[in-house]
Amino acid sequence: CQPSDPTFKFSEVLHSLPEQQQGSSCQTILEGGCYNKAVTGPASIMALTLMYLKSNDVGIATSVAPPNNLHELRGLTPDSSLLRVLSASLIRWNSIRCTRAWIYESGFAVPSVATQLFGI
């Protein structure tokens, strides 16, 4: 939950974990003094993707890519993880290669924590 004040940082939305509670299908963006990141997170990632589409900006691509630690990766839903991989790939468009090596070496197509956990 992020407070709704002028010091709110957009980067905190990108690195936040969407909390989905079972039985709760709330679509409200501003809930009390907090933002619902499950609603605003995907839209903000898509906005950044469209702004930096094919720009090859490594900093932005890294910020929208899925996290590389297990604690943060557990909090991502499969759809938000897919969105982050797609966004990072679209931003770094010129680096995409049609090889299996690119998938593992890019750093965001398959997070390094996943390769360590599953021995890929």
By the side chain to side chain donor-acceptor pair (under 3.5 Å) test, which pairs, at least two apart or in different chains, include something from residues 45-59?
Thr49-Ser87
Quick one: pull up CG in Leu86 and CG in Asp79 and give me the separation to the nearest 0.5 Å.
12.5 Å
For residues Ala88 and Ala61, report the shortest heavy-atom separation together with the two atoms involved.
CB-O, 3.6 Å
Would a 4.5 Å heavy-atom cut-off, applied to side chains only, mark Ile96 and Trp102 as touching?
yes
Find the distance between CD1 (Ile91) and CG (Leu50) and round it off to the nearest 0.5 Å.
9.0 Å
Which residues share a side-chain contact (heavy atoms from CB on, under 4.5 Å) with Leu70, sequence neighbours left out:
Arg74, Val113, Leu117
Test of understanding: with side-chain contact (heavy atoms from CB on, under 4.5 Å), list the residues that count as partners of Asn69, not counting sequence neighbours.
His71, Glu72
Do you know which two heavy atoms are closest between Arg84 and Ser63, and how far apart they sit?
NH1-O, 4.4 Å
Nearest 0.5 angstrom please: Leu53 CG to Met51 CE, how far?
11.5 Å
Side-chain heavy atoms under 4.5 angstrom apart, residues restricted to Ile, Leu, Val, Met, Phe, Trp, Tyr: same cluster for Leu82 and Leu76?
no
